[in-house]
**Student:** 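Below you'll find the structure I mean.
Keep in mind that what you see is a predicted model, and the values were worked out from it rather than measured. Sequence lines set the chain letters: A, B, ... in the order given, protein chains first and strands last, and positions in each chain run from 1.
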Number of protein chains: 2
Amino acid sequence: MTAETAITRFVAGLRYEALPDTVIAMAKRSLVNFFAVAFAGSDTAAIATLSRQLQALSGAGGCTAIGRGESLAPLDAAFINCASANVFDFDDTHLPTIIHPTAPVAAALLALAEMQPLDGRAFLAALVVGMEVECHLGLALHPHHYRRGWHITSTCGVFGAAMACGHALGLDAGRLLAALGHASAQSSGLVETLGTDSKSIGMGNAARNGLLAALLARDGLIGPEQPLSGERGFLAVYGDPSTPSLANLGLRWETLNNTFKPYPCGIVLNPVIDACLELRQQPGFATYDIASVAVTGGALLRERADRPQPANGREAQVSLQHAVAVTLLRGRPSVAEFSDAAVAATDVAALRQKVRTATKIDRTIDSVTVEITIRDGQKFTVDINPEARATLGLTSNAEISEKFITLTSSQATPTMQYQLLKTLWSIETRTVVGSLMHFPI
Amino acid sequence: MTAETAITRFVAGLRYEALPDTVIAMAKRSLVNFFAVAFAGSDTAAIATLSRQLQALSGAGGCTAIGRGESLAPLDAAFINCASANVFDFDDTHLPTIIHPTAPVAAALLALAEMQPLDGRAFLAALVVGMEVECHLGLALHPHHYRRGWHITSTCGVFGAAMACGHALGLDAGRLLAALGHASAQSSGLVETLGTDSKSIGMGNAARNGLLAALLARDGLIGPEQPLSGERGFLAVYGDPSTPSLANLGLRWETLNNTFKPYPCGIVLNPVIDACLELRQQPGFATYDIASVAVTGGALLRERADRPQPANGREAQVSLQHAVAVTLLRGRPSVAEFSDAAVAATDVAALRQKVRTATKIDRTIDSVTVEITIRDGQKFTVDINPEARATLGLTSNAEISEKFITLTSSQATPTMQYQLLKTLWSIETRTVVGSLMHFPI
């Protein structure tokens with residue numbers, strides 16, 4: 001079966017009623033986490049500039065930029081809400097591919113839900129469709145694709161958004177194939193742009209162009225017969241020569257492999273932060289005069305995050321030295337701890353310089369040792385290892401609600417936060433999803 | 001010097017006054033040809049659907065869809081005018097790379113010219129900037145890039161559009177670098193989509209996203225330091241491992257290698273059509289009862305265009321059998337001769353079946369023999385070879401004006417055609433370019 005056939009059959013055939021409860025539960029967690037990070041991101045200078053510029057270019061269009069005042073045209077709202085949710089890289093992660101699956105799909109679907117009536121079950125089914133398609137496509141391309149330099153969330157996200165919107169629009173298999181073709185013509189995004197505003201533009205386009213692909217397929221525009229599996233189709237051009245298979249689509253739910261970051265930084269820093277939080281529990285910690293901090297982890301930690309002098313908040317998100325310093329000094333880190341201001345703070349800068357790193361070949365991504373030496377020579381050590389505790393993400397609805405509360409607290413009253421959370425956790429009972437975007441936050 | 005430095009220095013430094021007269025003359029030919037093909041394309045079902053859908057999504061925005069009634073938002077106008085100009089593949093061709101250079105650049109610039117004042121000289125200088133950047137980038141990637149499956153006009157066009165708009169906006173080298181980063185996050189387009197509406201979506205985005213990249217760079221959004229030459233930058237990811245050079249940018253004018261198609265079909269068919277037109281000159285041709293037609297050309301002709309039964313007008317554009325039949329029956333072919341109706345016509349279909357092809361290893365792209373055998377056994381032969389005549393394109397202003405007249409005749413009165421032609425050929429004297437888009441055609 002070709003990739004196109006696997007996808008269009010899956011998408012055309014999926015019904016909400018056939019979704020396992022575990023998948024629905026994970027889709028709702030993904031959605032709550034999406035709103036949390038979109039609110040947090042909506043307040044940044046980059047998103048403000050993007051949103052204002054797009055509104056100036058296209059005008060108001062009745063769709064909502066989450067956390068912002070602007071009314072936007074539908075494609076622009078898809079763009080902005082996707083970029084907002086991902087700007088801090090604090091959104092969710094599909095661990096097998098390192099795709100951030102929800103942002104492109106949910107942002108495109110929410111714009112569509114403001115254009116036409118869509119109930120909560122149709123919305124959730126379409127959300128799962130999009131996440132499954134982008135993650136299974138990502139699995140077919142992984143790991144060659146990201147290593148070569150493709151920002152896999154953008155390149156695969158446009159297909160997820162297109163299929164999610166195609167499902168919500170009720171497209172048949174032929175029109176879904178056309179939407180895949182239109183998405184294939186628009187797939188882009190480079191790893192080189194990570195840590196810059198260009199990344200947000202690529203991400204915004206993934207949601208925007210996926211929605212556009214579905215709308216144009218609905219309108220009858222046709223694409224190639226084999227946009228994915230053709231000789232010069234997406235899989236051949238963006239992948240390596242091996243033949244990828246999407247045989248597990250619809251059989252294995254990749255949505256269940258989604259994870260939710262506890263901290264707004266590179267996922268390799270999670271165990272480092274956990275270790276520092278544990279060190280802070282030592283009696284008398286506040287009085288420590290720290291001489292040095294030694295961090296021992298696997299090769300990947302050093303490769304991705306050995307960055308003693310980050311220039312700004314974005315770079316700090318992948319600096320183990322910053323993560324150590326800011327956590328030991330401030331406690332559990334949120335968005336403010338990875339801001340430009342936090343990077344510039346003199347106490348943080350001074351402590352960053354005392355962090356030493358070492359690599360042990362047998363250490364995995366979820367294992368680290370952090371050792372503090374204080375002036376009098378005393379040492380305090382914490383080992384984090386995967387057997388002892390899960391460090392890669394938040395797992396319960398309560399933890400994700402807490403993340404939502406933290407990230408929306410500057411923009412919403414407690415009553416508003418509670419009401420939106422309640423709506424999102426019971427979204428399958430809602431008859432019109434679009435109106436939740438007009439929520440008074 | 002890195003590719004980024006080569007480009008940003010060239011773009012920031014280029015002045016109209018420094019352009020050779022030959023380059024200015026070629027840029028004007030490119031612009032007239034652009035308007036001709038944009039008018040022709042604006043009348044198709046695909047462009048009508050795209051334009052109406054984008055207007056429904058973004059609303060009217062004061063920018064003009066060439067040849068159509070809609071007022072569009074600036075980004076949408078850039079999209080539509082680029083897609084229109086390229087929909088028939090009847091636009092210009094930079095032969096060394098097979099890039100169609102003008103559509104993405106001119107479409108983006110014209111939208112910008114409707115947003116803010118831009119005089120004729122600034123417009124022409126920016127047009128040359130864009131064409132030079134996309135063609136030199138294309139040269140760096142050619143031939144690996146297209147062979148792998150990249151639609152080079154789209155993938156490089158977004159950079160040309162970004163640099164053209166960046167020049168017109170007066171961006172400094174730092175902001176031009178940011179615009180290159182934003183373009184790198186949006187570069188897309190697959191050869192697999194050629195012959196379908198998906199191609200037009202990729203093309204439209206090249207112009208749209210190039211304009212957006214420049215506007216966002218102006219607004220201060222930043223990109224990576226090395227969006228092109230970085231380890232995971234555009235050249236590494238979209239190219240092969242060899243290190244490409246843009247050393248000739250600003251020294252060798254690729255605009256001078258631009259060519260203009262005489263017929264709305266694959267460029268390999270030009271000599272075939274020329275031969276058929278010459279055969280029609282035979283005395284008594286109209287009375288021939290054709291038994292068979294033998295076409296002998298190089299390997300490339302057969303590889304690209306051996307298509308005995310095209311399904312529609314788009315496929316007919318790369319069918320040598322259709323080109324032979326429709327030219328022998330109707331004479332000099334224009335857009336109507338490659339329409340779905342022309343493909344379905346019974347006389348054309350019958351003659352297509354009588355066309356035989358043969359390959360000779362020593363034949364080049366601009367050389368072909370066409371031999372007609374009629375019922376009584378008589379044979380008539382025409383040889384086309386590059387020494388005898390130039391078959392690859394229109395070369396004079398008069399020929400391009402003629403193409404413009406032909407392609408705009410269904411939408412404009414002779415007076416209007418004459419006035420727009422006069423304006424375009426003297427565009428360097430115009431103080432406000434944007435207002436020419438409100439021309440009453």
Side-chain angles (χ1 to χ4, degrees), chain A residues 45-46 49-50 52-54 57-61 73-76 115 147-151 154 158 178 181-203 205 209 212-213 215-216 219-227 230-234 236-237, chain B residues 45-46 49-50 52-54 57-61 73-76 115 147-151 154 158 178 181-203 205 209 212-213 215-216 219-227 230-234 236-237:
Chain A
T49 299
L50 283 166
R52 281 188 217 118
Q53 180 59 260
L54 289 174
L57 290 167
S58 311
L75 296 175
D76 296 335
M115 294 172 69
R147 275 197 200 136
R148 185 171 173 108
W150 293 111
H151 185 217
S154 293
V158 66
H182 306 333
S184 80
Q186 304 184 88
S187 173
S188 70
L190 289 175
V191 173
E192 193 72 29
T193 66
L194 300 190
T196 78
D197 300 325
S198 298
K199 179 205 69 167
S200 297
I201 298 171
M203 279 296 291
N205 271 349
N209 292 338
L212 181 64
L215 292 170
L216 294 174
D219 294 347
L221 293 194
I222 60 142
E225 287 298 313
Q226 298 192 293
E231 194 186 336
R232 287 160 166 177
F234 174 74
V237 175
Chain B
T49 300
L50 284 166
R52 280 189 218 118
Q53 181 58 260
L54 289 175
L57 290 167
S58 310
L75 296 174
D76 296 335
M115 294 171 69
R147 275 197 202 136
R148 185 172 172 105
W150 293 109
H151 185 216
S154 293
V158 67
H182 305 334
S184 80
Q186 304 183 87
S187 174
S188 69
L190 290 175
V191 173
E192 194 72 30
T193 66
L194 300 190
T196 76
D197 300 325
S198 297
K199 179 206 70 169
S200 296
I201 298 170
M203 279 295 291
N205 270 350
N209 292 339
L212 181 65
L215 292 170
L216 294 173
D219 294 347
L221 293 194
I222 60 141
E225 287 298 312
Q226 300 192 291
E231 194 186 337
R232 285 160 168 178
F234 174 74
V237 176

**Student:** Report the distance from atom CG of B/Leu221 to atom CG of B/Leu215, rounding to the nearest 0.5 Å.
**Tutor:**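 It comes to 10.5 Å.
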**Student:** If you take all heavy atoms of B/Glu192 and A/Gln226, which pair is closest and at what distance?
**Tutor:**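 That closest heavy-atom pairing would be CG-O, 3.5 Å.
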**Student:** Sort A/Ile222 into side chain, backbone, both or neither according to what part of it lies under 4.5 angstrom from a heavy atom of chain B.
**Tutor:**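 Both parts, backbone and side chain.
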**Student:** At a heavy-atom separation under 4.5 Å, does B/Leu194 approach chain A through its side chain, its backbone, both, or neither?
**Tutor:**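 Contact with chain A is absent: no heavy atom of B/Leu194 under 4.5 Å.
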**Student:** Go through the structure and list residues passing side-chain hydrogen bond (donor to acceptor under 3.5 Å, both in side chains) with B/Thr193, not counting sequence neighbours.
**Tutor:**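 Here no residue qualifies.
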**Student:** Looking only at heavy atoms, what is the nearest atom pair of A/Met203 and A/His151, with distance?
**Tutor:**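 Shortest heavy-atom separation between A/Met203 and A/His151 comes out as SD-CE1, 3.7 Å.
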**Student:** With a 4.5 angstrom heavy-atom cut-off, which part of A/Leu212 approaches chain B: side chain, backbone, both or neither?
**Tutor:**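 The side chain, not the backbone.
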**Student:** Looking only at heavy atoms and a cut-off of under 4.5 Å, which of A/Ala185, A/Gly202, A/Ser198 has the most pairs with chain B?
**Tutor:**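 Ranked by contacts with chain B, first place is A/Ser198.
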**Student:** What are the two closest heavy atoms between B/Asn205 and A/Gln186, and how far apart are they?
**Tutor:**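 Here B/Asn205 and A/Gln186 meet closest at ND2-OE1, 2.6 Å.
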**Student:** For A/Ala236, is it the side chain, the backbone, both, or neither that has a heavy atom closer than 4.5 Å to a heavy atom of chain B?
**Tutor:**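 Backbone only.
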**Student:** In terms of heavy-atom proximity below 4.5 Å to chain B, should A/Met115 be classed as side chain, backbone, both, or neither?
**Tutor:**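 Interface part for A/Met115: side chain.
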**Student:** With sequence neighbours excluded, tell me which residues meet side-chain hydrogen bond (donor to acceptor under 3.5 Å, both in side chains) with B/Ser58.
**Tutor:**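 Listed in chain order: B/Asp76.
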**Student:** Top residue by heavy-atom pair count (under 4.5 Å) with chain B, among A/Val191, A/Leu57, A/Leu75, A/Leu54?
**Tutor:**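 The answer is A/Leu57.
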**Student:** Out of B/Asp197, B/Leu190, B/Thr196, return the one with the most heavy atom pairs under 4.5 angstrom to chain A.
**Tutor:**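 Option with the top pair count is B/Asp197.
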**Student:** Taking atom NE2 of A/His182 and atom OG of B/Ser200, what is their separation to the nearest 0.5 Å?
**Tutor:**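 Going from NE2 on A/His182 over to OG on B/Ser200, the span is 10.0 Å.
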**Student:** Would you name the heavy atoms of A/Phe234 and A/Ser187 that are closest together and state the gap between them?
**Tutor:**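 For A/Phe234 and A/Ser187, the tightest heavy-atom pair comes out as CE1-OG, 3.4 Å.
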**Student:** Under 4.5 Å from any heavy atom of chain B, what part of A/Leu216 do you find: side chain, backbone, both or neither?
**Tutor:**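 For A/Leu216, the contact with chain B is made by the side chain alone.
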**Student:** If you count heavy-atom pairs under 4.5 Å between each of A/Gly149, A/Ser188, A/Gly220 and chain B, which one has the most?
**Tutor:**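 Result: the option with the highest number of such pairs is A/Ser188.
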**Student:** Checking heavy atoms, do the side chain of B/Ser184, its backbone, both or neither come under 4.5 Å from chain A?
**Tutor:**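 The answer is both parts of B/Ser184.
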**Student:** Relative to chain B, which segment of A/Asp219 carries a heavy atom at a distance below 4.5 Å: side chain, backbone, both, or neither?
**Tutor:**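 Both parts, backbone and side chain.
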**Student:** Among B/Gly181, B/Gly195, B/Ala183, which residue has the highest count of heavy-atom pairs closer than 4.5 Å to chain A?
**Tutor:**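 Sorted descending by pairs with chain A, the first entry is B/Gly181.
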